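All values derive from a computational prediction rather than experimental measurement. Residues take their numbers from the sequence shown, with the count starting at 1. Counting convention: from 1, in listed order, for ligands and their atoms alike.
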Amino acid sequence: MSTIPAAERQAYIEKVRQDFPALHQQVHGKPLIYMDNGATTHKPNAVIDCESTFYKTVNSNVHRGAHYLSDKATEQFEAARRTVQNFIGALKPEEIIWTSGTTEGINLVASTWGRKNIGPGDRILVSEMEHHSNIVPWQILAEEKGAEVVPIPVLDNGELDLNGFAELMEPRVKLISIAHVSNSLGSINPIHDIVRMARINESVVMVDGAQGVSHFDVDVLRLDCDFYAFSSHKLFGPTGMGVLYGKEELLNEMPPYRGGGEMIDRCSFDGTTWNQLPYKFEAGTPNIAGAIALGAAIEYLNSLDRKILAAQEDVLIKKAHEMAAELGGIRIVGEARKKASVFSFLLEGAHPADVGALLDQQGIAIRTGHHCAQPLMARLGIPGTARASMAFYNTEAEVEALFKGLEKAKTFLL
Ligand code: PMP
């Protein structure tokens with residue numbers, strides 16, 4: 001339970017909200033209540049200004065060393081890499097690979113580590129609660145290699161079935177790829193325990209951190225995972241940008257991902273050799289402004305009191321659950337004991353799409369549907385949910401407004 005006095009926390013959050021210009025607008029003539037942070041978060045001025053300043057000033061290509069501006073751009077670009085390294089507790093900046101997002105990070109590992117290490121009859125474990133981007137790349141790989149993708153079961157309350165997971169562990173399991181936090185349910189998976197069990201089996205562990213880094217501190221060394229992928233745009237940074245962390249020894253053994261400029265050491269028609277880490281995996285001109293602005297997003301987060309932010313999210317999800325019980329007729333989907341501020345629900349008797357449309361008319365932005373997790377919806381026997389995914393800048397008053405909206409939806413739809 002949070003020990004921060006409510007008034008202090010609320011005043012802090014009101015101040016933080018001022019940093020996010022997009023929160024202060026009207027939609028359909030109503031003040032925006034943005035609860036679709038699982039899809040993407042809004043950006044603070046620090047990020048918007050950083051990207052704009054880059055293009056107004058040092059804009060140049062990196063690692064070309066040709067002139068003053070190129071050197072400045074390279075300095076900022078590599079400083080951002082160190083910012084990410086420190087943010088997730090990686091040992092070296094070489095372990096931070098720039099990608100376009102979580103999806104690309106997972107595809108990179110599937111097509112490089114996977115192509116090299118997965119063979120006929122091998123097993124890849126993913127959980128039933130995964131986003132499609134942590135299922136499909138493995139299915140493509142398995143199809144190519146004659147391997148198998150095997151689902152780790154999920155309990156009815158949305159927690160990972162750790163006993164079921166233990167039963168699946170056997171020598172054929174070469175890789176476990178698992179979400180840190182479920183985008184549809186908010187369940188926080190016990191990565192540390194999973195890695196411990198994986199080590200006994202000598203399996204590699206990849207973590208889909210798309211919904212993890214925005215909610216709490218992540219320390220990849222403490223988790224001891226082998227790979228960790230996340231997207232900048234869900235971490236208050238720009239779109240089209242992401243990070244893949246990998247342990248140096250694994251990255252060194254992996255073949256390159258894409259061929260092109262920057263990823264080579266020497267190129268000739270007699271054969272080509274690869275550049276050192278991390279550039280081996282960064283063919284072509286990278287998203288320079290995106291990387292630097294992601295660095296700005298992390299520096300912005302570092303400037304905030306993350307204890308207060310975490311307490312805020314905690315208060316919001318508890319309030320949503322309490323208000324759901326008070327209102328009645330709401331089925332909460334996902335009640336894991338450890339859960340991020342994701343409120344997935346069904347209004348009994350109403351289609352989630354209709355609930356979403358009615359809330360939108362009241363200025364409340366949520367997401368409805370299968371949340372790119374169709375196997376999970378099939379497991380739970382539902383077509384989809386309505387999902388209010390909250391960030392630290394959401395308020396208790398907004399949760400109250402959400403439930404006022406749901407009350408209205410009830411009168412309209414039921
Ligand atoms: N995994 C999870 C758990 C996600 O929530 C998402 C985005 N919804 C992704 C992967 C894919 O992220 P991106 O589209 O940014 O690559």
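For atom 4 (C) of ligand 1, the nearest non-hydrogen atom of the protein is His131 CD2, 3.4 Å. The protein heavy-atom contact nearest to atom 8 (N) of ligand 1 is Lys234 NZ, 2.7 Å.
Ligand 1 places these atoms under 4.0 Å from at least one heavy atom of Thr102: 10 (C), 12 (O), 16 (O). Of all atoms in ligand 1, listed by their number and element, those nearer than 4.0 Å to a heavy atom of Ser231 are 12 (O), 13 (P), 15 (O), 16 (O). Close approach of ligand 1 to Ser133 is summarised as follows: ligand atoms under 4.0 Å from at least one heavy atom of the residue are 1 (N), 9 (C), 10 (C), 11 (C). Ligand-side atoms of ligand 1 in range of Thr103: 11 (C), 12 (O), 13 (P), 14 (O), 16 (O), range being under 4.0 angstrom from any heavy atom. Each of the following atoms of ligand 1 lies closer than 4.0 Å to a heavy atom of Gln211: 3 (C), 4 (C), 5 (O).
Using a 4.0 Å cut-off between charged nitrogen and carboxylate oxygen, Arg9 and Asp305 do not count as a salt-bridge pair. Electrostatic pairing of Glu407 and Lys410 does not count as a salt bridge here, judged by no charged N lying under 4.0 Å from a carboxylate O. Salt-bridge formation is detected for the pair Glu170/Arg172: a Lys NZ or Arg NE/NH1/NH2 atom is positioned less than 4.0 Å from an Asp or Glu carboxylate oxygen. Using a 4.0 Å cut-off between charged nitrogen and carboxylate oxygen, Asp226 and Arg199 count as a salt-bridge pair. Of the charged side-chain nitrogens involved, at least one lies within less than 4.0 Å of a carboxylate oxygen, so that Lys319 and Glu400 count as a salt-bridged pair. A salt bridge is defined here as a Lys NZ or Arg NE, NH1 or NH2 lying under 4.0 Å from an Asp or Glu carboxylate O, and Arg379 with Asp156 meets this definition.
Note on ligand 1: His233 sits in its first shell, one or more heavy atoms being nearer than 4.0 Å.
The aromatic rings of His321 and Phe343 sit tilted, their planes meeting at an angle between 30° and 60°.
Contacts with ligand 1 closer than 4.0 Å are made by side-chain heavy atoms of Ala210 only, the backbone lying farther away.
Residue Asp208 places at least one N or O, backbone or side chain, under 3.5 Å from an N or O of ligand 1.
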